[in-house]
Amino acid sequence: MGEQPIFSTRAHVFQIDPTTKKNWVPTSKHAVTVSYFYDSTRNVYRIISLDGSKAIINSTITPNMTFTKTSQKFGQWADSRANTVYGLGFSSESHLSKFAEKFAEFKEAARLAKEKSQEKMELTSTPSQLYLHLSQACRAGAYLAKESATGELQSPLTPESINGTDDERVPRDASLNSEPRAEPNAVPFPHSSSSAINKHWEAELAALKGNNAKLTAALLESTANVKQWKQQLAAYQEEAERLHKRVTELECVSGQTAGIKTQKTELNQTIEELEAALKAKEEELERLKAEVERASELQLQKDAVSQKLQETETRNAELEAQLAGLEQRVETSQVEQESFRKSLRSLLELLDGKIFELTELRDSLAKLIDGTFVRARVE
């Protein structure tokens, strides 16, 4: 159909929220192909992107459009015809830069194409200009015809001079039908010469009247044709508007035929991605099942440990009670030991006193025995 893709890339497509005019709304669930198309029949560049059979971008590039990089991987442009703002998210900064370069290139090409079309429109006359040119041609033709016949007319003819007014036609006819008056210093012509001149002028007058009638009829026909052309032009404009809308609808379908192979490749790639994602999800599910089983085992272990902990806490409470009793007994024993020490210390002091007394008694007895033994030896 004359429209071919000239550059393609992949990106995530967004549109501005029509309500808030601030938030971005994603129009594709995953990255899709975004292509520049060139229509050689209309000399138009467009950006088209399809998500399955749905056209999510159908934007005609105009000279007043501007592609803006809002981040390292995101760019946007406004489309006044679609009354929206498109946004594209790329996988890398190089893809964004390449797309922006192509946008600027095709925007300049669209500007040049628009200037050429304007020059062609200026060269092509409108119905009113055609009417003006036709009127001027009629006037020029009448002027040249009359000038060639008489050689006396020095100014261009107006519509009134072509048709002639009543005041002008009567004197002209009367002067032509009357005999020519001799000038004061003119040399009189012979009668045969005057008759020949009259016949010549009558023939010229008849020819001029015929030309005048033909030009008047042509002018009337041109006026009628101009009205008809205006009506046809209005009808053509309505038909062109209707066809433009129809073409816009069909362009979406035609883009599918042009990019069906690309779509098939994209679908195969999407299927492979989905299969890989499904396999990953299945592995994740198996892992989660194993974790659930492990969690059940851990829960049983936790219950057993909790029961043991309760038993341990009970045993600990009993041991603490026993420890408190033991501490109390130890304190009692310490008190008893202290009293026992005091009693023992007093007994030891008492025993020391007794031992000292016995020692003294032993010494006394020894002394006594020694004295008795000495006396016995003396005796």
Is the number of heavy atoms from other residues, nucleotides or ligands within 6.0 Å of [atom1] ([X]) greater than 12?
X	atom1	value
Gln322	CD	yes
Glu284	CD	yes
Gln72	CD	no
Arg287	CZ	yes
Lys21	NZ	yes

Quick one, [X] and [Y] - any side-chain contact, counting heavy atoms below 4.5 Å?
X	Y	result
Asp51	Thr27	no
Lys69	Ser97	yes
Arg329	Leu326	yes
Arg46	Ile61	no
Phe99	Ile47	yes

With ring centroids as reference points, do [X] and [Y] lie under 6.0 angstrom apart?
X	Y	result
Phe7	Phe106	no
Trp24	Phe74	yes
Tyr45	Phe37	no

| request: May I ask whether Ile6 and Val32 are part of the same hydrophobic cluster, defined by side-chain heavy atoms of I, L, V, M, F, W, Y residues being less than 4.5 angstrom apart, directly or through others? | output: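 Yes; Val32 is reachable from Ile6 via cluster members.
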Using a strict cut-off of less than 4.0 Å between a Lys/Arg side-chain nitrogen and an Asp/Glu carboxylate oxygen, indicate whether [X] and [Y] qualify as a salt bridge.
X	Y	result
Arg111	Glu115	yes
Arg315	Glu318	yes
Arg341	Glu338	yes

| In terms of side-chain heavy atoms, does Tyr38 have a donor or acceptor partner in Asn43 at a distance below 3.5 Å? |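 Short answer, yes.
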| said: Side chains of Asp79 and Ser59 only: does a donor on one sit below 3.5 Å from an acceptor on the other? | reply: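 On atom types as modelled, these side chains qualify, holding a pair under 3.5 Å.
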| query | Rounded to the nearest 0.5 Å, how far apart are CG of Asp17 and OG1 of Thr84? | reply |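 It is 9.5 Å, given to the nearest 0.5 Å.
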| Can you tell me how far CD of Gln307 sits from OG1 of Thr312, rounded to the nearest 0.5 angstrom? |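 With rounding to 0.5 Å, OG1 (Thr312) is 10.5 Å from CD (Gln307).
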| query | Distance-only, no hydrogens or angles: does the Thr359 side chain make a donor-acceptor pair with backbone N or O of Ile355 under 3.5 Å? | reply |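 Yes.
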| Looking at residues at least two apart in the chain, or sitting in another chain, which of them share a salt bridge (charged side-chain N to carboxylate O under 4.0 Å, His left out) with Lys102? |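 Partners of Lys102 by the salt bridge (charged side-chain N to carboxylate O under 4.0 Å, His left out) criterion, ordered by chain and then number, come out as Glu105.
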| field | Aromatic plane relationship, Phe67 with Phe103 - under 30° parallel, 30 to 60° tilted, over 60° perpendicular | value |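 Phe103 and Phe67: tilted rings.
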